[in-house]
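Worksheet: the structure to be examined is printed underneath.
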2 protein chains.
Amino acid sequence: MARLPLYYRALLEVSDAEVGTVSSERLAELAGVNAAKVRKDLSYLGSYGTRGVGYEVEYLLHEISRELGLTEDWPVVIVGVGNLGAALANYRGFGARGFRVTALVDSDPDKIGRHIGSLVVEDLETLASVVETRAIAIGIVATPAQAAQEVADRLVHAGVRSILNFAPTVITVPNHVSLRKVDLATELQILSFYQRRLTAMPNGGGPAGAPTARTERTEEHS
Amino acid sequence: MARLPLYYRALLEVSDAEVGTVSSERLAELAGVNAAKVRKDLSYLGSYGTRGVGYEVEYLLHEISRELGLTEDWPVVIVGVGNLGAALANYRGFGARGFRVTALVDSDPDKIGRHIGSLVVEDLETLASVVETRAIAIGIVATPAQAAQEVADRLVHAGVRSILNFAPTVITVPNHVSLRKVDLATELQILSFYQRRLTAMPNGGGPAGAPTARTERTEEHS
DNA sequence: CCGACTTTGAGAATCCGGTCACAAGGTCCT
DNA sequence: AGGACCTTGTGACCGGATTCTCAAAGTCGG
């Protein structure tokens with residue numbers, strides 16, 4: 001499931017402070033989801049957790065990180081070293097656990113050879129050998145939209161099975177390849193959509209609910 | 001719907017090349033979704049499009065951009081000018097349509113006063129007045145996880161109604177505020193999850209489907 | 001050792017979005 | 001003008017995900 005990483009992070013939080021066990025209730029709160037959902041999800045990867053007590057934090061943490069493949073490490077290549085690509089290369093956020101950015105490639109001769117952090121930007125033409133020699137598992141596409149599909153094709157051809165696409169376009173891959181996308185412009189447009197709703201109808205927006213209730217909503221937008 | 005931006009982009013593509021009209025079929029292809037879904041979605045914002053012909057590109061484009069609020073412009077503030085914040089500030093991707101990054105704020109004295117593009121980083125403490133004087137509508141949270149909730153609270157308090165969260169943590173807002181998140185680490189972990197699946201069971205992964213069929217999958221992962 | 005209390009795990013009910021299928025409406029050629 | 005053909009709009013259906021609910025399992029204090 002796509003919620004495992006959420007639980008993982010929630011577990012990390014509790015493992016700092018408290019010790020021993022967490023209830024599904026508490027986990028749900030931390031992860032911003034329903035408690036029943038937490039239990040369903042967790043039971044789906046085996047019956048860890050004892051009734052009347054909760055889940056043993058350390059053990060569950062271990063199980064989830066194994067399930068997520070966080071115990072192995074996955075070399076990453078970033079294709080396209082513009083603003084975004086460069087920022088991603090420096091981003092500690094995922095240098096942190098298991099994901100090492102191992103190579104940067106670009107097709108722009110001006111950028112090839114440039115140093116970014118401890119890496120050197122390499123030629124897109126050498127992608128295949130880069131992927132092979134460094135056992136790259138994950139490719140990040142951070143190119144302009146026009147180049148994205150071709151880059152994806154090359155990644156797939158080179159043997160990459162997981163692609164994260166930041167380019168603002170739909171790309172297509174064979175179905176043995178995993179594809180996820182992060183689309184910044186789209187996110188803003190969605191916000192804009194709701195914003196417009198709000199300002200269009202000055203007051204009568206919410207359906208008489210408690211106006212200051214705190215809800216964790218990220219996907220649905222009620 | 002959250003698919004409107006997709007259609008919008010697809011329409012932009014066709015508006016370059018061809019002229020006149022598009023069928024839902026073609027739009028679906030461009031946007032990577034089912035044709036029936038396109039029709040449902042579009043019919044949901046009124047009956048544009050004539051039977052037997054399709055949708056008039058320019059008109060539909062106009063309608064969608066109005067619906068998405070892309071005709072107005074939404075000043076954006078970025079809170080937290082680390083790697084990611086700085087990259088976002090420079091990113092042309094959403095400077096492009098309607099979204100102007102109008103202010104940058106940070107709490108780090110070393111960063112305050114620094115120039116990024118044409119903007120100067122301002123003090124987080126002045127957030128309220130920045131939001132008010134510049135009529136900021138959207139806040140982007142690009143701080144470390146620990147600071148994210150407080151920053152969000154401040155944004156809400158200052159009157160921001162739409163927040164895009166890049167910090168790797170769950171944040172909570174009153175329910176009259178729209179919240180979306182972009183979680184890079186989570187995306188990678190999800191890829192890692194499927195990657196592990198693949199390598200764990202060397203061959204028998206896919207259920208006998210055509211192994212090289214091209215599918216656009218981003219959310220479901222079969 | 002027993003009873004009160006807590007919390008999981010899973011079966012049942014419900015909700016929601018996606019897909020299918022087809023009638024209604026409209027174009028274009030003859 | 002008429003018929004063949006095309007594409008939309010929509011009602012019906014389907015399946016998966018979410019939520020509700022409750023019995024089973026386990027702890028803890030006395």
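Everything quoted here is computed from the prediction, not taken from an experiment. Numbered from 1 within each chain, the chains take letters A, B, ... in sequence-line order.
- Considering only side-chain N and O atoms, A:Tyr55 lies nowhere under 4.0 angstrom from the phosphate OP1 or OP2 of D:dG26.
- Distance from the side chain of B:Arg39 is smallest to D:dG9 among D:dG9, D:dT19, C:dT19.
- Protein atom CZ of A:Arg51 is 17 Å distant from nucleotide atom P of C:dT6, rounded to whole Å.
- As rounded to whole Å, 19 Å separates atom C1' of C:dG25 from atom OH of B:Tyr48.
- Counted within 6.0 Å of CD on B:Glu72, heavy atoms from surrounding residues, nucleotides or ligands total more than 12; the atom is thus considered enclosed.
- Here the rule is side chain to side chain contact (heavy atoms under 4.5 Å, CB included) with A:Leu179, and of A:Val141, A:Ile163, A:Val170 only A:Ile163 fits it.
- If you take OH of B:Tyr44 and C1' of C:dG17, they are 13 Å apart, rounded to a whole angstrom.
- The distance between atom CG of A:Leu60 and atom P of C:dT8, rounded to the nearest whole Å, is 11 Å.
- For the pair A:Lys37 and D:dT19, the criterion of a side-chain N or O lying under 4.0 Å from OP1 or OP2 is met.
- Atom pair A:Glu25:CD and D:dT19:P shows a separation of 13 Å (rounding to whole Å applied).
- At distances below 3.5 Å, at least one donor-acceptor pair connects side-chain atoms of B:Gln149 with backbone N or O atoms of B:Thr172.
- For C:dT7, neither phosphate oxygen OP1 nor OP2 lies less than 4.0 angstrom from any side-chain nitrogen or oxygen of A:Ser23.
- Of the side-chain N and O atoms in B:Asn34, none sit less than 4.0 angstrom from OP1 or OP2 of C:dG18.
- Side-chain N/O atoms of B:Arg3 include one lying less than 4.0 angstrom from OP1 or OP2 on C:dG18.
- Rounded to a whole Å, the CG atom of B:Asp41 is 14 Å from the C1' atom of D:dT8.
- Taking the ring centroids of B:Tyr48 and B:Tyr55, they lie at or beyond the 6.0 Å cut-off.
- The nearest whole Å value for the distance from the CG atom in A:Leu45 to the C1' atom in C:dA10 is 15 Å.
- Here D:dG9 is the nucleotide among D:dT27, C:dA10, D:dG9 with the atom lying nearest to any side-chain atom of B:Ser43.
- B:Thr50 places no side-chain N or O within 3.5 Å of a backbone atom of B:Val53 that could act as its donor or acceptor partner.
- Residue A:Ser24 places at least one side-chain N or O under 4.0 Å from the OP1 or OP2 atom of C:dT8.
- Going from atom CZ of A:Arg26 over to atom C1' of C:dT8 covers 18 Å, rounded to whole Å.
- Comparing atom distances between the B:Lys40 side chain and each of C:dT27, D:dT10, C:dA10 picks out D:dT10 as nearest.
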